[in-house]
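Before any comments, here is the structure.
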Amino acid sequence: MTTAISYPNAPDLATDDYIVIGLATCFVKEDGEVYQIEVIEPIPSAALEALLKGIPTSYKLAHATTLGSVLDGDSQLFPDGFPESAQFGEEFVPRAFAAARTYKRRESAKSLIPLGTNYTEFKYSIERKRVLNAARVVTKEDNVKQHSHTHKVL
């Protein structure tokens, strides 16, 4: 008996595997200005469990679906019910595969949001802005001054 491989880059996954995708409010910094965008991202089981406990999050919506409804091979399929202005997050396909594996490993997480339903009762907050293209520039002023005896053997 042969098994059909749905995803060449993820032979352990099939189109009917459970996954949760979320709609997050993120920000992009361009030319000194910060712009708000909506991003579609897969949510792993551990992150979903934390979000459902009430931690502040930039997610507005989570939708429980199958891999086949958001991925056709290595291309993304726009999910129903999401705003047209939303865009897929970076590395969506490998992150979707990784998230689907977390639900295969932790079957109890599938009951948090039943398949085919949405969850919108998150503690939504954009107080701490999630900037996607933020670059950290380390300067000499960032160095912490240490006490003169820190590295001496006394």
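What you see is a predicted model; the values in this text were computed from it and never measured. In what follows, every heavy atom counts, from backbone to side chain, and hydrogens, waters and symmetry copies are set aside.
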Shortest non-hydrogen contact from [X] to [Y]?
| X | Y | value |
| --- | --- | --- |
| P42 | I19 | CB-CD1, 4.1 Å |
| L67 | F97 | CD1-CD2, 4.4 Å |
| L61 | F122 | C-CE1, 3.8 Å |
| F92 | I21 | CZ-CG2, 4.2 Å |
| S125 | E127 | OG-N, 3.2 Å |

Does [X] reach the side chain of [Y], with side-chain heavy atoms less than 4.5 Å apart?
| X | Y | result |
| --- | --- | --- |
| Q87 | I37 | yes |
| K29 | Y35 | no |
| Y124 | T25 | yes |
| V93 | L71 | yes |
| P83 | L23 | yes |
| K104 | L13 | yes |
| V28 | E30 | yes |
| P79 | I40 | yes |

Problem - Charged N-O contact under 4.0 Å between K110 and E49 - result: no

Handout entry: Check: I126 main-chain N/O paired with S58 side-chain donor or acceptor under 3.5 Å
Key =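 No: the side chain of S58 does not pair with the backbone of I126.
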
Problem - hydrophobic_cluster_shared for Y103 and Y119, side chain cutoff 4.5 Å - result: yes

Distance (rounded to the nearest 0.5 Å) between [X] [atom1] and [Y] [atom2]:
| X | Y | atom1 | atom2 | value |
| --- | --- | --- | --- | --- |
| L112 | I43 | CG | CD1 | 11.0 Å |
| K129 | C26 | NZ | SG | 12.0 Å |
| D72 | L77 | CG | CG | 5.5 Å |
| E41 | R95 | CD | CZ | 4.5 Å |

Handout entry: Set of salt bridge (charged side-chain N to carboxylate O under 4.0 Å, His left out) partners for K123, sequence neighbours left out
Key = none

Problem - Intermediate values then yes/no, side chain to side chain contact (heavy atoms under 4.5 Å, CB included), R101 and D12 - result: CA-CA 9 Å; R101 287 184 184 106; D12 57 325; 2.8 Å; yes

Exercise for the section: Would you please name every residue forming a side-chain contact (heavy atoms from CB on, under 4.5 Å) with A64, sequence neighbours left out? Expected result: Y18, V20, I113

Exercise for the section: Decide yes or no on side chain to side chain contact (heavy atoms under 4.5 Å, CB included) for L115 and T66, but give the supporting numbers first. Expected result: CA-CA 8 Å; L115 187 65; T66 61; 4.0 Å; yes

Problem - Contacts of Y59 that satisfy ring pair (Phe, Tyr, Trp, His ring centres under 6.0 Å) - sequence neighbours left out - result: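 For Y59, no residue satisfies ring pair (Phe, Tyr, Trp, His ring centres under 6.0 Å) once neighbours in sequence are set aside.
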
Practice task
State whether the number of non-hydrogen atoms from other residues, nucleotides or ligands found under 6.0 Å of R106 atom CZ is greater than 12.
Solution key: no

